[in-house]
Amino acid sequence: MVGKLFASGDLQADRRAEFAETLAYLGDLDAAVDVLQGALDLVPTWGAGWFRLGEYLERAGDLTGAARSWGRAIQEQPDDPFGAGLRCDLQREQPLSDTMPPAFVEMLFDQYAPRFEASLLDHLDYQGPQIIADALAQISEPSAERALDLGCGTGLIGPVLRPHCRHLTGVDLSQAMLDEAFSKGLYDRLDKADIQAMPRPDQPYGLIVASDVFNYLGALERIIGWCAASLTPGGMLVFTVEYTVGRDVTLQETRRFAHSRTYVSDLLQTAGFAMLGIHDVVLRKDRGVDVRGLCVVAQARTVTGRHLDDGEAQFDVVGAD
Ligand SMILES: C[S@@+](CC[C@H](N)C(=O)[O-])C[C@H]1O[C@@H](n2cnc3c(N)ncnc32)[C@H](O)[C@@H]1O
């Protein structure tokens, strides 16, 4: 993850860091820590170096030292492109971050973009497009003048949405992912933005979709509130989350978040949505194991405050936590 950025700019420090990498690779973590510490004495503002030192310390069993080192990485680089804050959260077994640092997500997907589709479709058996297509097929009126693909990535959901709208916008944090989406020629507009920090749109959307994106956000209050404010009356929101039982939000070992069924449905109801469906799905595989998720379909409030179907579910709400 740090790979590309793992250079401090100081020749001597970089040599030491490379030697530390070799020592760590050979399993001599105490020596790796010493040598990298020496490099950091030369360049104490080197965020990536502090992050890597935290990794060595964690592997060596010094969790306190690791947390201190990751804290220093954040201090040196407050936009936290390495996800040091998440590593501290994982150690505490409690997500204190309410989201992933945007710089971390951006770097992750900028690096991933060229092999994203091959990896997802060929190796991870990604089901996102089919799950969204199935959800739309169950909505009585899925078409909209304007649709928005939140966290559109390389545009895998574009072919599913295109027949349902006249104008399709995609938003993503990663320029490299957006470039891939652009090459598909399916989107009328592609914007580089953090979906957690967008202003309200000039014109509302009739359909908002987020496939495999909210698992990069912890607390969903802000984005669900934004969707409620950005949909036309009666407009549709369709999204997936990774699924957890118990806690509202869990930061998983994968460094993605998972959300509980009750958290999601309570949140949508509070934001004035009618729940039309919340289905168990398998999103993809991770190291050969099914990643379980939920596909959620909700309808925004109409002008009168009632829902088009008077709040009655158009298809089944499955299961309970
Ligand atoms: C696993 S990909 C899914 C892409 C696409 N929705 C699909 O189903 O193929 C997750 C995407 O969400 C984007 N993303 C994650 N957090 C984001 C945020 N806060 N703002 C904008 N995009 C975000 C990432 O850059 C990445 O392209």
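Along the sequence shown, residues are numbered consecutively beginning with 1. Quantities reported herein were computed from a predicted structural model and do not represent experimental measurements. One-based numbering, in listed order, for ligands and for the atoms of each. The basis for the numbers below is simple: all heavy atoms, side chains too, and nothing from hydrogens, waters or symmetry mates.
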Quick one, list the residues around ligand 1 where some non-hydrogen atom comes in under 4.0 Å, by chain and residue number. Val105, Phe109, Phe116, Tyr126, Gly151, Cys152, Gly153, Leu156, Ile157, Asp172, Leu173, Ser174, Met177, Ala193, Asp194, Ile195, Ser211, Asp212, Val213, Tyr216, Leu217
Quick one: do the Thr154 and Glu117 side chains pair a donor with an acceptor below 3.5 Å? yes
Test: Asp179 and Lys184 ion pair at under 4.0 Å: no
Residues pairing under ring pair (Phe, Tyr, Trp, His ring centres under 6.0 Å) where one sits in residues 191-231, two or more places apart or in two chains, turn out to be Phe109-Tyr216, Phe214-Phe239
Regarding Tyr56 and Gln37, do their side chains bring together a donor and an acceptor under 3.5 Å, going by distance alone? no
Do you know the tightest heavy-atom contact between Ala32 and Ala24? CB-N, 3.8 Å
In terms of heavy-atom contacts, does CZ of Phe19 have more than 12 from other residues, nucleotides or ligands at under 6.0 Å? no
